[in-house]
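Step one of this worksheet: look at the structure below.
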Amino acid sequence: MTPSDHSSSSAAPAAGPAPVEASELTPAQVWQRLLEGNRRFVAGDANHPNQDSARRSSLTESQHPIAVIFGCSDSRLAAEIIFDVGLGDVFVVRTAGQVIDDAVLGSLEFSVDELGVPLIVVLGHDSCGAVTATMNATDTATTPSGFVRGLVERITPSVLSARRQGMTTVNETVEEHVKQTAERIRDHSRSIHDAVASGRTAIMGVTYRLDEGRADVVSAIGDI
């Protein structure tokens with residue numbers, strides 16, 4: 001897709017697509033919107049939609065995000081920026097290494113069950129520090145101190161899975177961790193499992209390329 005011409009960066013933020021209930025969109029339609037935004041971002045032609053005072057005021061009573069993005073806390077992985085969306089467009093959950101815990105699963109269930117979000121995006125990225133730390137801990141048979149230990153313990157199954165498949169680089173392991181995380185979300189939450197099984201929601205695993213700014217699909221679960 002060739003990005004359309006947009007106004008200069010000094011212009012006011014563009015209006016987003018016409019408002020639509022999230023439940024009216026299919027997972028594939030939601031991903032297409034996010035993909036188009038990412039293509040604009042990669043091309044340096046972002047619209048910066050839904051970031052003005054009118055949009056802010058329209059969201060005071062309710063929200064209707066089209067996707068929930070569960071990504072790494074890394075400062076370079078700001079979901080609204082890399083997918084060129086604005087206020088109220090996406091529900092965002094972030095932890096280091098996109099590690100799952102009860103609060104994460106509760107947040108994802110809320111987005112699916114209460115907000116009707118049709119797509120969960122699990123977003124990892126190149127050179128992830130949490131994955132690198134886990135690989136180092138596995139190689140040296142040492143465990144970090146403090147609460148970082150919990151992160152490493154939760155990422156270790158993904159590292160071991162990658163090793164069994166002959167993957168040795170950080171970026172290969174990140175992709176495997178994204179895939180494993182998407183599967184764990186479905187398997188650990190009955191609510192999300194049922195939403196995926198019924199076709200109401202899908203889960204997509206995506207990795208972000210730090211240099212190019214590109215978001216690449218590495219896995220898909222559900223009807224998408």
| message | Donor-acceptor check, side chain of N171 to backbone of S127, threshold 3.5 angstrom: yes or no? | response | yes
| Does one side chain, of E109 or S191, offer a donor that lies under 3.5 Å from an acceptor on the other? | no
| R55 vs D89, salt bridge (Lys or Arg N to Asp or Glu O under 4.0 Å): CA-CA, chis, key distance, verdict | CA-CA 10 Å; R55 176 65 168 183; D89 289 330; 2.9 Å; yes
| said: Please find the pair of heavy atoms, one from C72 and one from C128, that lie closest to each other, and give the distance. | reply: SG-SG, 4.2 Å
| Distance in Å, L210 CG paired with R76 CZ, rounded so as to fall on 0.5 Å steps | 4.5 Å
| task | Can you sort out the partners of R164 under salt bridge (charged side-chain N to carboxylate O under 4.0 Å, His left out), two or more places apart, ordered by chain and number? | result | none
| Distance, nearest 0.5 Å, that separates CZ of F70 from CG of L108 | 6.5 Å
| field | Between CG on residue D126 and CD on residue E175, distance to nearest 0.5 Å | value | 8.0 Å
| task | Please report the shortest heavy-atom distance between A67 and L34, naming the atom on each side. | result | CB-CD1, 4.1 Å
| field | Other ILVMFWY residues reachable from L160 by side-chain steps of under 4.5 Å | value | none
Check residues 146-159 and write down every donor-acceptor pair under 3.5 Å in which the side-chain atom is one partner and the other belongs to a residue at least two apart or another chain.
residue, atom, partner, partner atom, Å
R149, NE, E153, OE2, 3.0
R154, NE, I100, O, 3.2
R154, NH1, G150, O, 3.3
T156, OG1, V152, O, 2.7
S158, OG, H177, ND1, 2.8
S158, OG, R184, NH1, 3.2
S158, OG, R184, NH2, 3.1

| request: Please test R40 against N47 for side chain to side chain contact (heavy atoms under 4.5 Å, CB included), starting from the C-alpha separation and ending with a verdict. | output: CA-CA 8 Å; R40 293 193 299 270; N47 282 344; 3.4 Å; yes
| request: Sort and list the pairs that fulfil side-chain hydrogen bond (donor to acceptor under 3.5 Å, both in side chains) and have at least one residue in residues 215-224, not counting sequence neighbours. | output: R209-D216, R214-D216
| Set of residues satisfying side chain to side chain donor-acceptor pair (under 3.5 Å) with respect to T95, sequence neighbours excluded | none
| query | Does the side chain to side chain contact (heavy atoms under 4.5 Å, CB included) test come out yes or no for V218 and V206, once each step is laid out? | reply | CA-CA 5 Å; V218 297; V206 176; 6.0 Å; no
| request: Kindly write out the residues that satisfy side chain to side chain donor-acceptor pair (under 3.5 Å) with T60, not counting sequence neighbours, or none if the list is empty. | output: none
| task | Could you point out which residue of I221, T201, I69, V93 forms a side-chain contact (heavy atoms from CB on, under 4.5 Å) with I120? | result | T201
| request: Inspect the contact between R190 and D194 and indicate whether a charged nitrogen and a carboxylate oxygen are less than 4.0 angstrom apart. | output: yes
| request: Mind running side chain to side chain contact (heavy atoms under 4.5 Å, CB included) on V112 and R200 for me, showing each step along the way? | output: CA-CA 9 Å; V112 171; R200 181 162 52 90; 3.7 Å; yes
| query | Should we count CG of D139 as having more than 12 external heavy atoms under 6.0 Å? | reply | yes
| Distance-minimising heavy-atom pair for I224 and A202 | CB-CB, 4.1 Å
| query | Taking the side chain as C-beta and beyond, is there a heavy-atom pair between R163 and S161 under 4.5 Å? | reply | no
| Side chain of N136, backbone of T142: donor and acceptor closer than 3.5 Å? | no
| task | Drop me the distance from T26's OG1 to W31's CH2, to the nearest 0.5 angstrom. | result | 13.5 Å
| query | From D84 CG over to F41 CZ, what is the distance, rounded to the nearest 0.5 angstrom? | reply | 9.0 Å
| task | Evaluate the side-chain proximity of V196 to I192: yes if any heavy-atom separation is below 4.5 Å, no if none is. | result | yes
| field | Rounded distance (nearest 0.5 Å) linking atom OG1 of T173 with atom CE of M135 | value | 4.0 Å
| task | In sequence, state the C-alpha distance, the side-chain angles, and the governing distance for V122 and Q98, and then conclude on side chain to side chain contact (heavy atoms under 4.5 Å, CB included). | result | CA-CA 8 Å; V122 179; Q98 68 271 4; 4.2 Å; yes
| Expected output: side-chain E172 to main-chain T168 donor-acceptor under 3.5 Å | yes
| said: Does any part of the side chain of V174, heavy atoms only, come nearer than 4.5 Å to the side chain of H125, both counted from C-beta? | reply: no
| query | Taking all non-hydrogen atoms of both residues, which atom of V90 and which atom of V85 are closest, and how far apart? | reply | CG2-CG2, 3.9 Å
